[in-house]
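Take a look at the structure set out below.
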Amino acid sequence: MSAKKADSAKAGVGVPRLKPINRQQLLMRSINVEQLIEADHPARAIWEMLGQVDLSRFEQGIRAVDGRAGQATVSRRLLAALWIYSYSEGVSSARELSRMCEYEPACQWLTGMETINHHTLSDFRVDHKDGLDRLFIQILGLLSAEGLVELKQVTQDGTKIKANAGRDTFRREERVKQHLALAREQIRAMEDPRSEVLTQRVARAQERALKEKKQRLELALEELKKVQESKPEKEEQDARVSLSDPQARVMRTSEGGWAPGYNVQVCTDAGHGIIVDVAASQAGNDRDQLRPAVQRLQQRVGVPAQMIADAGYISHGNIEAMGNEGIELIGPVGQASPNTHQYERRGIASEFHAEAFQYEADKNQYVCPAGKILKFTGKEPHAGRIKFRYQAAPSECQSCRFRDQCCPKTKSRRITRSEDSPTVKAFLKKMQTTEARQIYRRRAPVAEFVNAWLKDKLGLRQFRLRGLAKVQMECLWVSLTYNIQQWIRLRWRSQFATA
Ligand code: SF4
C-alpha cells in the first residue's frame with residue numbers, strides 16, 4: 001500500500017474511485033429510428049406537411065424509373081424536408097446539412113439513418129425553380145384551408161440582405177474587361193494541343209472552372225451596363241460591379257452603412273403572420289416594388305383587400321395603381337419637400353422658387369415676383385396626377401432685373417403646377433382619419449417581426465448563394481420554412497396540448 005493510500009485509510013478518507021474510459025472497445029447498439037425524436041418534434045411536422053403536397057415537379061428529369069435500369073434516387077420529399085429542417089435550425093450550408101445527417105437525431109430520423117451527399121443537397125436546392133414556386137403556393141393553399149391566410153390585410157416591407165460578395169470584389173469596366181480577356185486567353189491556351197499535358201480529370205476541372213469564370217465575367221459586363229444606365233452621365237465611369245456576384249448591388253443596409261446585397265420584398269398576411277409573397281430585387285429603394293408584389297400575390301394566392309406599406313412605397317403612381325386594382329392602400333402621408341436639387345441645377349435662387357409665384361385660379365395663370373404673367377401652355381397626364389405648365393414671355397424675362405436669379409439658363413421662366421387625381425385626393429383624406437392611422441400602426445409589429453425572424457432565427461443575414469435567380473430561391477426556402485414553423489406553432493402543436 002502506498003504511503004498516500006495508507007495515510008488516507010488511517011484518516012478514514014478513501015481515494016475517489018473513478019470509472020475507467022475504454023476507447024479500445026467495439027460496440028454494437030440497436031437504434032429505434034422511430035424513437036430518435038419525440039412525437040411533437042418539428043421534423044415530424046415538416047414531413048407530414050410535405051406529404052400533403054404534389055412534388056412531381058421536383059421529380060422531372062429523374063432517369064431511374066420503373067422498368068428501366070439505374071440507381072434509385074433520393075426521395076424529393078426527403079430532400080425538401082431536410083432543407084426546411086436545416087433552415088429552421090439556421091443552417092444554410094449543404095456541407096453542414098450533409099454532416100448533420102450523420103449525427104443529428106432529426107436528420108437521422110428523416111433519412112432513416114442514411115447519409116446524403118452534399119452535392120445532392122446543393123443541386124436539389126437550386127435545380128427546381130418551378131417546383132419550389134409551386135411548393136410555396138401549395139403550402140399557402142394548405143395554410144389557407146386551415147384559416148391561416150385571410151388576405152384581409154397584407155403588409156409589405158423591404159429588407160436588405162447581404163450578398164455573398166465582399167466590397168473588395170467590385171471593379172470598374174476596364175478591370176472587368178482585362179479579367180475577361182485573361183480568362184479567354186487561358187481557355188484558348190488550354191485548348192491548344194501543344195499545351196502541357198495534364199491528367200484528363202484535372203484538365204476537365206480546370207476547363208470547367210475557367211468557363212464558369214468567363215461566363216461570370218460576361219455577366220459582369222452586362223450588369224455593368226445596367227449600373228451605368230442607372231447613373232447620371234458624368235458618374236457613369238464610376239460604375240462598378242462585383243466579380244463574385246455581378247447581380248448584387250451596393251445598398252444601404254438596415255444596420256447602417258453600405259454593402260453588396262439584394263432588396264428582399266416580403267408580403268405578410270397580418271391575420272396570422274404568414275408570408276404570402278417574397279421576392280429578391282436589385283433595386284436600392286422600395287418605390288417600384290409595390291405593384292409587382294401585388295401582381296405576384298394575385299397569381300399566388302389572390303387579391304388582398306388592404307395593402308399596408310411604409311412611406312417608401314407611397315407615390316402617386318402606386319396610390320392610383322392600387323385604386324385601379326380595387327385594393328385599399330394604407331400608408332403614411334409625408335410632406336412633399338421642394339426639389340432643391342432641380343432648382344440648383346437650373347441656377348434658380350431660393351427667393352425665386354415656385355412658392356414665390358402667385359397662382360390666380362380664376363385666370364389659370366401665375367404672377368411672378370416682378371409682377372409679370374406666366375401663361376398656361378399645356379398639361380401632361382401622369383399616374384395619379386396631372387401636371388399643368390406655365391411660362392413667362394421671353395421678352396419680359398430677357399429684360400428683367402431678376403433674370404440672373406430667376407432663369408439664368410433659359411430664355412424665360414417656366415413653372416409646373418400639379419393636381420392630384422380623385423383617387424389620390426381620397427387617399428390623402430382617408431389617411432387623416434384616426435381609423436386609417438390605427439390600421440397603419442399594425443404594419444411595424446407584423447412586418448418587422450417577420451424580418452427579425454428570418455434574419456435572427458433562420459440565419460438570413462447573408463445569402464449563401466449567388467445571382468438573382470438563386471438568391472430568389474433561397475428567399476423561397478427560408479419563407480417556406482417560416483410558414484411551416486407558423487403552422488406548427490398555430491395548428492400542429494395543438495394536438496399535443498394536455499387537456
Ligand atoms: S425673370 Fe421673368 S419670371 Fe422671373 S421675375 Fe423676371 S419677369 Fe418674372
Side-chain angles (χ1 to χ4, degrees), residues 227-239 252 283-288 290-291 310-324 329 331-432:
V227 177
Q228 285 169 340
E229 282 163 16
S230 69
K231 284 182 173 286
E233 204 175 322
K234 60 182 176 187
E235 290 174 24
E236 271 182 22
Q237 63 200 28
D238 293 331
R252 184 179 281 282
N285 63 52
D286 298 328
R287 198 185 52 234
D288 298 327
L290 184 62
R291 280 177 272 184
D310 68 18
Y313 298 89
I314 305 304
S315 68
H316 282 77
N318 284 341
I319 298 168
E320 194 69 23
M322 293 303 106
N324 291 341
L329 180 63
V333 178
Q335 281 292 331
S337 50
N339 191 343
T340 49
H341 177 69
Q342 219 187 62
Y343 285 125
E344 277 168 25
R345 197 167 49 78
R346 291 162 67 193
I348 297 171
S350 58
E351 312 87 274
F352 290 86
H353 286 186
E355 307 83 73
F357 291 65
Q358 197 188 343
Y359 179 57
E360 294 182 341
D362 55 337
K363 295 177 186 158
N364 191 24
Q365 63 183 24
Y366 275 91
V367 180
C368 76
K372 306 295 182 194
I373 303 296
L374 279 79
K375 285 187 183 162
F376 170 67
T377 57
K379 61 182 179 180
E380 298 161 21
H382 288 256
R385 63 179 148 183
I386 297 174
K387 285 187 176 176
F388 298 85
R389 294 191 305 268
Y390 302 85
Q391 189 171 5
S395 57
E396 288 176 332
C397 290
Q398 293 296 315
S399 58
C400 176
R401 62 196 164 103
F402 300 128
R403 190 183 162 226
D404 288 347
Q405 296 120 286
C406 186
C407 54
K409 296 184 180 175
T410 50
K411 284 184 183 165
S412 70
R413 179 63 190 267
R414 290 192 185 103
I415 283 215
T416 306
R417 179 173 66 85
S418 181
E419 205 171 287
D420 292 334
S421 71
T423 308
V424 173
K425 282 180 186 163
F427 169 82
L428 296 174
K429 193 173 169 195
K430 176 186 67 188
M431 288 315 302
Q432 301 304 319

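Just follow the structure's listing: the first ligand is 1, and inside any ligand the first atom is 1. All residue numbers refer to positions in the sequence shown, counting from 1.
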Side-chain donor/acceptor of N318 to backbone N/O of R287, under 3.5 Å
yes
Heavy-atom contacts under 4.0 Å between C397 and ligand 1: side chain, backbone, both, or neither?
both
Check: A393 main-chain N/O paired with S412 side-chain donor or acceptor under 3.5 Å
no
Less than 4.5 Å apart, any side-chain heavy atom of L329 and any of Y313?
no
Within 4.0 Å of some non-hydrogen atom of K372, the atoms of ligand 1 are 7 (S)
Would you say Q398's side chain and K411's backbone share a donor-acceptor pair under 3.5 angstrom?
yes
After noting the C-alpha distance and the side-chain angles of Y366 and F357, does the key distance pass the ring-ring contact (aromatic ring centres under 6.0 Å, His included) rule?
CA-CA 6 Å; Y366 275 91; F357 291 65; 7.1 Å; no
Of all protein heavy atoms, the one nearest atom 6 (Fe) of ligand 1 is C400 SG, 2.4 Å
Got a donor-acceptor contact below 3.5 angstrom from the R417 side chain to the Y359 backbone?
no
Among non-hydrogen protein atoms, atom 3 (S) of ligand 1 lies closest to R413 CB, 3.6 Å
Which protein non-hydrogen atom lies closest to atom 8 (Fe) of ligand 1, naming both residue and atom, and how far is it?
C368 SG, 2.4 Å
Between C407 and ligand 1, which part of the residue brings a heavy atom under 4.0 Å of the ligand: side chain, backbone, both or neither?
side chain
To the nearest 0.1 Å, how far is atom 4 (Fe) of ligand 1 from its closest protein heavy atom, and which atom is that?
C406 SG, 2.4 Å
